[in-house]
Enquirer: 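What follows is a single structure, and I will ask about it in a moment.
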Amino acid sequence: MLTAEKMTASHLYDILKHIKVGGSVCHYSLKKCEEFVPLINEINELKEEKKAVILAHSYVSPEIIYGVSDFVGDSYQLSKDAMSTNVKTIVFAAVRFMGETAQILNPEKEVLIPASDDGCTLADSITNEKVRELRLQFPDYTFVCYINTSAAVKAECDVCVTSANAYKVVELIPNDKIYFLPDQMMGMNIQNAFKEKGSKKDIQYYSGTCYVHVEYGAQEIFKIRTEYPEVKVISHPECSPAVIANSDFVGSTNQMLDYMLKSSDKDFLMLTECGLSSRLQVEMPHKRLVGSCTLCKFMKSNALENILRVLKNPTRRDRVEIPKEIQARALKCVEAMFRYTEG
Ligand code: 13P
Ligand code: SF4
């Protein structure tokens, strides 16, 4: 996050040396930092010259977060950050649906995606044609899409949500019939939460899953709890209902970090992508991380080399391009989320 002064390898190593999660991709040595630093400094110079900002989701590699990013956060926070900047170019180190959301909200800005594999198993699980079919099958339902969807899918839906506001938005929608897509796990979790409250909301959902979060099971939690009885289990709403039922806190990636920051507990099991565990180790080194985490290959396909390349010489594929008519309809869906969330 240094832009004005040049980053040195020892400074970067000082930040990253606490990280010990996942495989070798998340272990840092001074030598590795020496390799990153020339790229980091070149990106930061070019960024200023081109009047660009770099937005990074918490799941991308730590050398991006701590070396070149101007904004780091969850998908809700980053959507707002994308609107708050007065720049020509946004480089969005994340996955395509996040870059598309930034473009929907900022049609006049150039949005570049430096991920070499910018997919997402949730966003890729449903098409706009499928939503149109579902709307014919469920004509009285309000269609709520997770932000992890393409612009074309958002254009077919009534309101978008993120992991930070899904329960609140669904509660505020003045229709008891809700069709949630595409995450089956989140759909079930929302349905369970409303059932528990005795709400009569009828919540139908689609069958998509996140390949990272669907892998966690309650057994993992029970095992960790026997070893570390004081552990706090923090999970993402894309996890299964069994995981959610056995967690101490469930929230978006920003909300998970916030919970840990405010908590006086020491041991945490974080059931989400390793990027968040890395942030915990850098930003709260006095807390202890127990258990394991999982990598998202899409988020981890962002690399400093790609950021430099898209800043220097963006190709058509790097640029987000959304047809005007889709952008206008998708914007209505995203704006509805802001209205419900911010009041
Ligand atoms: P957040 O909005 O909570 O960061 O989640 C995004 C995501 O893709 C989780 O897998
Ligand atoms: Fe998509 Fe899952 Fe990766 Fe998040 S972690 S970007 S939902 S594949």
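Everything numeric here is computed off the predicted structure, so don't read it as measured data. Note that ligands are numbered from 1 as they come in the structure, with each ligand's atoms numbered from 1 the same way.
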Enquirer: Enumerate the atoms of ligand 1 whose separation from the nearest heavy atom of His213 is less than 4.0 angstrom.
Expert: 10 (O)
Enquirer: Pick whichever of Leu257, Leu276, Thr253, Thr162 has a heavy atom sitting closest to atom 4 (O) of ligand 1.
Expert: Thr253
Enquirer: Looking at Ser252, which atoms of ligand 1 are within less than 4.0 Å of one of its heavy atoms?
Expert: 3 (O)
Enquirer: Specify the protein heavy atom at minimum distance from atom 3 (Fe) of ligand 2: its residue, its atom name, and the distance to 0.1 Å.
Expert: Cys296 SG, 2.5 Å
Enquirer: N/O to N/O below 3.5 Å, does that happen between Ser75 and ligand 1?
Expert: yes
Enquirer: Below 4.0 Å, non-hydrogen atoms only: which portion of Glu238 touches ligand 2? Side chain, backbone, both or neither.
Expert: side chain
Enquirer: How far is atom 8 (S) of ligand 2 from its nearest protein heavy atom, and which residue and atom name does that atom have?
Expert: Thr121 N, 3.6 Å
Enquirer: Ignoring hydrogens and angles, state whether a donor on the side chain of Thr142 or Asn175 is under 3.5 Å from an acceptor on the partner side chain.
Expert: yes
Enquirer: Can you pull out the closest protein heavy atom to atom 4 (Fe) of ligand 2? Residue, atom name and distance to 0.1 Å, please.
Expert: Tyr59 CE1, 4.0 Å
Enquirer: Which heavy atom of the protein is the closest neighbour of atom 1 (Fe) of ligand 2, given with residue, atom name and distance?
Expert: Cys120 SG, 2.4 Å
Enquirer: Run the side-chain hydrogen bond (donor to acceptor under 3.5 Å, both in side chains) check on Thr89 and Glu110 step by step: do they pass?
Expert: CA-CA 5 Å; Thr89 302; Glu110 175 186 51; 2.9 Å; yes
Enquirer: Is it true that Glu238 and Tyr216 share a donor-acceptor pair across their side chains at a distance under 3.5 Å?
Expert: no
Enquirer: Counting only heavy atoms from other residues, nucleotides and ligands, does the tally under 6.0 Å from CD of Glu230 exceed 12?
Expert: no
Enquirer: Among protein heavy atoms, which sits nearest to atom 8 (O) of ligand 1, and what does the distance come to when rounded to 0.1 Å?
Expert: Asn148 ND2, 3.2 Å
Enquirer: Checking side chain to side chain contact (heavy atoms under 4.5 Å, CB included) against Lys154, which of Ile322, Val159, Val334 comes through?
Expert: Val334
Enquirer: Should you measure from each heavy atom of Tyr59, which atoms of ligand 1 turn up under 4.0 Å away?
Expert: 7 (C), 9 (C), 10 (O)
Enquirer: Distance only, no hydrogens: is a donor on one side chain within 3.5 Å (strictly under) of an acceptor on the other, for Asp318 and Thr315?
Expert: yes
Enquirer: Supply the atom-to-atom distance Ile43 CD1 to Phe36 CZ, rounded to the nearest 0.5 angstrom.
Expert: 10.5 Å
Enquirer: What's the shortest distance from atom 7 (C) of ligand 1 to any protein heavy atom, and which residue and atom give it?
Expert: Glu238 OE2, 3.6 Å
Enquirer: Specify the protein heavy atom at minimum distance from atom 6 (C) of ligand 1: its residue, its atom name, and the distance to 0.1 Å.
Expert: His57 NE2, 3.7 Å
Enquirer: Under a 4.0 Å N-O cut-off, is there an ion pair linking Glu35 with Lys31?
Expert: yes
Enquirer: Quick one: nearest non-hydrogen protein atom to atom 5 (O) of ligand 1, plus distance?
Expert: His236 NE2, 3.2 Å
Enquirer: May I ask you to check if any N/O/S atom from Cys210 comes under 2.8 Å of atom 2 (Fe) of ligand 2?
Expert: yes
Enquirer: Identify, for atom 3 (O) of ligand 1, the protein heavy atom at the shortest distance, and state residue, atom and that distance.
Expert: Ser163 OG, 2.6 Å
Enquirer: Could you tell me how the ring of Phe338 sits relative to the ring of Tyr76: parallel (under 30°), tilted (30 to 60°) or perpendicular (over 60°)?
Expert: tilted
Enquirer: Parallel under 30°, tilted from 30 to 60°, perpendicular over 60°: which one fits the rings of Tyr59 and His213?
Expert: tilted
Enquirer: State the atoms of ligand 2, each with its element, that fall below the 4.0 Å cut-off from a heavy-atom position in Asn148.
Expert: 7 (S)
Enquirer: At less than 4.0 angstrom from any non-hydrogen atom of Leu122, what atoms of ligand 2 do you find?
Expert: 7 (S)
Enquirer: Report the residue from Asp81, Asp70, Leu55 that forms a side chain to side chain contact (heavy atoms under 4.5 Å, CB included) with Ile90.
Expert: Leu55
